[in-house]
Structure formats: C-alpha cells, structure tokens
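Order of listing sets the numbers, starting from 1, for every ligand and every atom in it. As the structure is a computational prediction, the values presented were derived from the model and not from experiment.
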Amino acid sequence: MGITIALAGNPNSGKTTLFNALTGSYQYVGNWPGVTVEKKTGEYSKNRDIKITDLPGTYSLSPYTLEEVVSRDYLLKERPDVIIDVVDATNIERNLYLATQLSEIGIPLVLAFNMMDVVRKNKDSIDSKKIEELLNCRVVEISAIRNENLDKLIDVAVEEANSKKKIIEIKAFSPEVEKYISEIEDLLTLDEDIPKRWVAIKLFESDSKIMEDANLSEDLENKVSAIIERAEEEFDDDGEGIITDERYNFVTDIVSKTVKKGREGLTSSD
Ligand code: GDP
Ligand code: K
Ligand code: MG
C-alpha cells in the first residue's frame, strides 16, 4: 500500500533540494488550488508507491500568510501518512519552533536535520540522540545536497507512518499553560480527525481560521473566552503571546542542552 509523505519546514531549510534528490524525474509541478503558490508532488524514485509533497516554507502554522494557510490546510485536510520536517541544522533553534506545532496535528513526525555537511564544516556539535529523547520524535541527520542518509530518512518515515503506536506530540508547554489548554480541550466535541488538542491550542490563541471552522455555539464560545481571560490575567499577555513564549522557551532550553556552536557568530557562508 502506498504512503504519502509531506515535506514541511522553514524557507531555505532544503525542502526542494531534498524533494529533487528523492523524486528525481518523477515529479509534477502545479499550483495549490485557488492560489499562485507552487505545488510540487512526486514519487520516490526507489519506490514509486511512496508519494511526496513539497510544502511551502513556513516559520509557523498561524493563519497569517498564504504559505502557512496552504501548508496547514493540506496537513489538516489531506492528512499525509507522515510529515518530514526539514530542519536547517545550522539553525536548529528557529526551526524547532515549527516542529512543536507540526507535532500537534496528529500525524507522525520525523525531523530531518539537513545541512549536516555545513554543521561538520563549522565544527558545531549536535546531540541528535538527546534531542530525539527530549522531543520524543525520530531525528535523522542528512545532507540533501550530498545525498547523505536519504534512504535512511525514508526508511524511518515509512516506519513511523506504519507504526501502530500512539502519536506523541512534543510537550512544549508548562503545567500552568497545560492546565488552560486541557480545560478548553474538555469542552470540545469534534467528529473530525483533527486532534482536539490542536483545536484547543488554536482557540487559546484566538486563531481566526479555527474560530471560523470550529463554529462554536455562543455558550461554548463564552466558556472558552472565560478560560482565556483567566490565563491572560495570570500571564499578563494575550493567548497567542503566551503560546509563542512557551514554545520559544521550550526550544531554547532543548537547544541549550544539545547544541554547541563551533564557530560562534559565523554563518554558513563565512
Ligand atoms: P527550501 O526553501 O526549503 O526549498 O530550500 P532549498 O532546497 O531551495 O535550499 C536552500 C539552499 O540551501 C539552496 O541554496 C540549496 O542548495 C542549499 N541546500 C539545501 N540542502 C543543503 C545541504 O544539505 N547542504 C548544503 N550545504 N546546502 C544545502
Ligand atoms: K528557496
Ligand atoms: Mg523550496
């Protein structure tokens, strides 16, 4: 049976380079429905039952840019079997912010730490094993441009797609924020595949698109608002700001425990 893989990640993390390396000449270029954002789909050249989609680059899954909306709608509605988050391993901190959000959609997630050739050149050290443990998410180090470890990446992605174990999300939030999210979660009844928790987090952020899609009753909307108001009072910030801070703090903490820069202050082009 075929497997569908979505390549997600920040702009310039190497998604298209990876996509080209995996699909070779088995690729199709079009547009996402209704928008002028390029859509690339293809088949893994070594096993054409594996379909791969190259998503637009995003830093977040908020509803503010076309790229974010296209990526998020695809993941929520088409539900690929597994997401490969292509991470620029020379800039893990920024890239893991998106990973925390991707893990909340209820689809197995694998992190591809790309640009490992540059990491080696820079003499950075990354404890990928430890990141794997801390995030509860498989990590595969690759270099898309040098074709390094790509078969292994697909093996791991297929393994995760076929795994019957419960999908574990990255727990990015403190117990204080967790409490508010679960309160919202407990109010929700959803009949779709979309995880309640994703909806609860997005409601907490007052995400305009979820507010529209969830179409809550007035009573429910009031209850959710009351929860958010209590949180906003406790944290002296709005819901969206609270969630953003929590994600950044979480990622900063992980990176401080696992990544050492060899040539501090220099970028990959130096
Ligand atoms: P996208 O925006 O995520 O699709 O990223 P691209 O695939 O366009 O890659 C952005 C830039 O990074 C390009 O110049 C690629 O050649 C380069 N790149 C991608 N993967 C690697 C890699 O593994 N190593 C190195 N050194 N460069 C890479
Ligand atoms: K690019
Ligand atoms: Mg691209």
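With a heavy-atom cut-off of 4.0 Å, Asn114 touches ligand 1 through its side chain alone. With a 4.0 Å heavy-atom cut-off, ligand 1 is reached by the backbone of Thr16 and by its side chain too.
Checked against a 3.5 angstrom limit, the closest N/O atoms of Gly14 and ligand 1 fall inside it. Residue contacts with ligand 1: Arg146 is placed with no nitrogen or oxygen under 3.5 Å of a nitrogen or oxygen of the ligand (distance criterion only). Note: no N/O pair closer than 3.5 Å links Ile142 and ligand 1 by distance alone.
A donor-acceptor contact closer than 3.5 angstrom is absent between the side chains of Glu67 and Thr58.
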Under 3.5 Å, which donor-acceptor pairs do the side chains of residues 222-229 form with other protein atoms, sequence neighbours left out?
| unit_1 | atom_1 | unit_2 | atom_2 | d |
| --- | --- | --- | --- | --- |
| Asn222 | ND2 | Glu218 | O | 3.3 |
| Lys223 | NZ | Asp219 | OD2 | 3.3 |
| Ser225 | OG | Glu221 | O | 2.9 |

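Residue Met115 approaches ligand 1 through these ligand atoms, each under 4.0 Å from one of its heavy atoms: 12 (O), 18 (N), 19 (C), 21 (C), 22 (C), 23 (O), 24 (N), 25 (C), 27 (N), 28 (C).
The Mg ion (ligand 3) does not have Asn12 among its coordinating residues (no N/O/S atom, backbone or side chain, under 2.8 Å).
At least one heavy atom of Ser13 sits closer than 4.0 Å to an atom of ligand 1.
With salt bridges taken as basic N to acidic carboxylate O contacts below 4.0 Å, one links Asp207 and Arg72. Using a cutoff of 4.0 Å between basic side-chain nitrogens and carboxylate oxygens, Glu246 and Lys171 are not scored as salt-bridged. Here Lys129 does not pair with Glu141 in a salt bridge; the nearest charged N to carboxylate O distance is not below 4.0 Å. A salt bridge does not link Asp117 with Lys121: none of the charged nitrogens is closer than 4.0 Å to a carboxylate oxygen.
Considering each of Thr17, Leu18, Thr90, Asn12, the one bringing a non-hydrogen atom nearest atom 7 (O) of ligand 1 is Thr17. Within the set Ile145, Asp54, Leu55, the minimum heavy-atom distance to atom 21 (C) of ligand 1 is found for Ile145.
Tyr248 belongs to a hydrophobic cluster whose remaining members, ordered by chain and number, are Tyr97; membership requires side-chain heavy atoms of ILVMFWY residues under 4.5 Å apart, directly or through intermediates.
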